Each structure stands twice: as structure tokens, then as C-alpha cells.
Amino acid sequence: MRMPDLATPLIAWFRHNARDLPWRAPDFGAWGVLVSEFMLQQTPVTRVVPRLEEWLTRWPTPAALATEPPAEAVRQWANLGYPRRALWLHRAAVEIAERHGGVVPRDVDALLALTGIGDYTARAVAVFAYGDRHPVVDTNTRRVIARAVGGCAQPNPPSPRDLVAMSTLLPDGDDDAAVVNAAAMELGALVCTARAPRCESCPIADRCAWRAAGYPDTGDTRRRQARYEGSDRQARGAVMKVLRDAAPEPVAAMTAIPDWPDPRQRDRAIDSLIADGLIEASDGLLHLPR
DNA sequence: TAATCGTGGCC
DNA sequence: TGGCCAAGATT
């Protein structure tokens, strides 16, 4: 099966339809891109934008963040969710200060060696901050490729094959690689969405394998998210909120979420947060990590 | 490989 | 209203 040229229409579409997002400013910098990618891991764009501005105003460089205790990163993270990302971003900043002279590395393997950076984030930084040619594959891109190339309604679970598939869509030179990567993501976010895709305004509809096949329901391998209400995650989130709001003052362990319906679950949440390094305990008091 | 990990908006 | 979804990484 020959691969249709998707890059050309994607580039043209992106030039006219890309959202004006802060990290797309030409002088935004590698640190800003790195912070934005951490925040964007599973958190919607609209919630990230204001927090990102605050973060970069307070810590304009990795070294600035590295001089602060992790507690400040966790507190500044606020309600973005998955607070371990704040901890990992702080660790990454320390590693960048110590191992890379305070400069966000450009090499993908060096980026992958940083705490909290995986296949997606490493390549996103190398491509969007430095303009190098690598495949950048997020959940949007996987869905676009699954439909346009694979003819399936939904992507398979993430796999190294995704990187190969995206590579074949990139133009040869470095110049447009970043645009095509960003365009595939943007198309998935705005047009080729998970629910109710807007195929009537899709720039590659005329070469979409899923459309050509008549939009078959190819099944759905996704697993349902666990219920949040009443979960350990909810208990952990409640504990973290109490400690964030109290910081820098510590909180007595017995009074953290005192009215939680299940005391055993509350204790389990506290223990797991300590194990994760998100909180610390001393003399029966809980506080954010110093 | 599969489970785990927050939070909030949307339909 | 409750399930689905959101620029993933780690273990």
C-alpha cells in the first residue's frame, strides 16, 4: 500500500488553523517548551496555559527552579493533577542544572535520561524547541494515523511502531518536520477528535483510509478509566489539596481529611503519597517534600 | 503488558 | 447524570 502525501495538506491546513498557543512563539525557549510538555501530559490545553505563564514568571530557568525545595514546585503545580509530575519536573530541573550546565539538552537520549521524560516529551522538546527531525507521537497523532492511514476508528495501544509510522509521514528536511508533527497533533485535537470528528472540514479527508472504507466501527481496544468517586486517587488528591493549602505549615496526620468516610483508605493514601515522595512525615506532622 | 496516577469540563 | 476524555510516564 502506498502512503499518500499527508504532509503537504497538513502543512497548509496548520498555517491557517493552528491555535495561537504560547509555546508556539518563536522565542519561547526550550525551558518553556519543556515545562509546557510536562504540564500537557494528560492535562487539557486550556487548563495549562495560565499555570504555565505563572510557572515561567516565577522560574524563568531550570536553575531557578532547582534552587527551590520540591515543596514549592508541588505547591505551584496547584490543581493541574498528577502532582508527581511537579516532583519530576523539579528533579529534571536539578538534573539539567547539574549535568547540563543549566541548558535543556537537545539530544533525545539525553532528554530521555531526565526524570519524567518519556518517548513523547523527549522528542517534543527536540523537535519543537530545537527544530530537529524526529517523529513526535501523542494520543492525537496516533488517532489521526489510525484513521487516515490504518482505516481504523481507534488507535491500538501505544507502541514503538507509532514512531515508525509517523517517520514515514515526515518530509525529508528538518524545516517542515516540526510543522508536520505539530499539524498531526493539532488535527487530532481540533478536527479528528475522539468523539464526533469533523470530517467535513478535514484537510486530508480525500485521502483518509477510514473515510474511504465508509467509517467502519473497527472495535475499541481502550480500557475504561477506573471510577474516580470513592477511589484511592480521590483520597490522595484530597490529602494533597489540604497540604498545598496549608503550606508552608505542616498538617497533623490525624486531621488530614478528617471526615473521610473510610479511615483505612485515608491512611493508605497518606502512606502511598509518602512512598511516592509527594509528602513527608515527621513527629506525626505531614508536609510537602523539602 | 497492564495498572496506576488528578482534575474538571463536556455531552 | 455519569461516563468519556484530556500534548504520558513509570513500575
Side-chain angles (χ1 to χ4, degrees), chain A residues 14 18-19 21-24 28 32-52 74 77-89 91-92 111-129 134-145 153-160 162-163 166 178 181-190 192-197 220-244 257 268-269 271-273 275-279:
Chain A
F14 188 74
R19 290 168 292 180
L21 299 172
W23 46 89
R24 289 177 179 162
F28 199 67
V33 171
L34 179 60
V35 174
S36 77
E37 296 299 349
F38 264 88
M39 291 184 170
L40 287 164
Q41 293 169 4
Q42 298 287 281
T43 299
V45 165
T46 53
R47 290 179 52 205
V48 162
V49 170
R51 298 287 178 219
L52 176 64
V74 172
W77 195 258
N79 63 341
L80 282 176
Y82 292 145
R84 55 177 57 171
R85 289 181 295 159
L87 206 55
W88 291 343
L89 176 54
R91 281 183 202 161
L111 287 160
L112 283 170
L114 298 174
T115 300
I117 293 191
D119 282 331
Y120 166 77
T121 303
R123 289 173 178 78
V125 170
V127 171
F128 300 137
H134 303 283
V136 181
V137 178
D138 76 334
T139 186
N140 290 307
T141 299
R142 291 195 305 109
R143 188 173 53 249
V144 168
I145 292 176
Q154 303 290 346
N156 293 317
S159 136
D162 302 332
L163 294 176
M166 187 62 207
N181 277 307
M185 294 168 60
E186 192 78 338
L187 188 73
L190 298 182
C192 193
T193 52
R195 300 179 293 198
D220 194 340
T221 61
R222 293 170 299 177
R223 269 192 348 285
R224 274 204 273 286
Q225 268 185 3
R227 179 180 179 82
Y228 183 66
E229 194 67 27
S231 67
D232 284 13
R233 297 164 74 175
Q234 185 184 35
R236 286 168 53 106
V239 170
M240 290 304 297
K241 175 165 174 51
V242 167
L243 290 192
R244 280 199 311 267
I257 54 172
R268 192 162 65 240
D271 288 345
S272 71
L273 288 169
D276 289 345
L278 279 166
I279 64 176

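Remember, predicted model here, so these are calculated numbers, not experimental data.
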At 4.0 Å (heavy atoms only), tell me whether [X] reaches a base, stays on the sugar-phosphate, or touches nothing.
| X | answer |
| --- | --- |
| A/G81 | base |
| A/R142 | nothing |
| A/P157 | nothing |
| A/R223 | base |
| A/S36 | nothing |
| A/W23 | base |
| A/D276 | nothing |
| A/L112 | nothing |

Could you give the distance separating [M] and [N] at their [atom1] atoms, to the nearest angstrom?
| N | M | atom1 | answer |
| --- | --- | --- | --- |
| C/dG2 | B/dC5 | P | 23 Å |
| B/dC11 | C/dA7 | P | 15 Å |
| B/dT1 | C/dA6 | C1' | 23 Å |
| B/dG6 | C/dT1 | P | 27 Å |

Just verifying a value: how many Å separate [X] [atom1] and [Y] [atom2], rounded to the nearest 0.5 Å?
| X | Y | atom1 | atom2 | value |
| --- | --- | --- | --- | --- |
| A/R227 | A/Q234 | CZ | CD | 9.5 Å |
| A/D232 | A/R268 | CG | CZ | 4.0 Å |
| A/L34 | A/L114 | CG | CG | 7.5 Å |
| A/T221 | A/N156 | OG1 | CG | 5.5 Å |
| A/D271 | A/I279 | CG | CD1 | 8.5 Å |

Starting from [atom2] on [N], measure out to [atom1] on [X] and report it in whole angstrom.
| X | N | atom1 | atom2 | value |
| --- | --- | --- | --- | --- |
| A/M166 | C/dA7 | CE | C1' | 13 Å |
| A/W88 | C/dG8 | CH2 | P | 14 Å |
| A/E186 | C/dA7 | CD | C1' | 10 Å |
| A/L243 | B/dG6 | CG | C1' | 15 Å |
| A/Y82 | C/dA9 | OH | P | 13 Å |
| A/F38 | B/dG6 | CZ | C1' | 17 Å |
| A/L89 | C/dT10 | CG | P | 13 Å |
| A/D162 | C/dA7 | CG | P | 16 Å |

*asked:* Using heavy-atom distances to pick each residue's nearest nucleotide on DNA chain C, tell me which of A/R19 and A/T115 is more 5'.
replied: A/R19
*asked:* Quick check on DNA chain C: between A/I117 and A/V45, whose nearest nucleotide comes earlier from the 5' end?
replied: A/V45
Can you tell me if the side-chain N/O atoms of [X] get under 4.0 Å from OP1 or OP2 in [N]?
| X | N | answer |
| --- | --- | --- |
| A/R224 | C/dC4 | yes |
| A/R244 | B/dT7 | yes |
| A/R227 | C/dG3 | yes |

Does [X] have any side-chain contact (heavy atoms from CB on, under 4.5 Å) partners at least two apart in sequence or in another chain, and if so, which?
| X | result |
| --- | --- |
| A/L112 | A/V108, A/D109, A/D119, A/A122 |
| A/R223 | none |
| A/R51 | A/M39, A/E54, A/A78, A/N79, A/L80 |

Residues in salt bridge (charged side-chain N to carboxylate O under 4.0 Å, His left out) with [X], at least two apart?
| X | value |
| --- | --- |
| A/E37 | none |
| A/R224 | none |
| A/D276 | A/R84, A/R236 |
| A/D162 | none |

Listing time: all N or O pairs from protein to nucleotides 8-11 of chain B that are below 3.5 Å?
from  : atom 1 : to    : atom 2 : distance (Å)
B/dG8 : OP1    : A/N79 : ND2    : 3.0

*Which nucleotide in the set B/dC5, C/dA6, B/dG6 lies at the smallest distance from any side-chain heavy atom of A/A194?*
C/dA6
*A/T121 side chain, from C-beta outward: closest of B/dG6, C/dG3, C/dG8*: C/dG8
*So which of residues 229-242 of chain A are in contact with DNA chain B, with a heavy-atom cut-off of under 4.0 Å?*
A/R233, A/R236, A/G237
*If you pin A/Q42 and A/P158 to their nearest nucleotides in DNA chain B, which one's is more 5'?*
A/P158
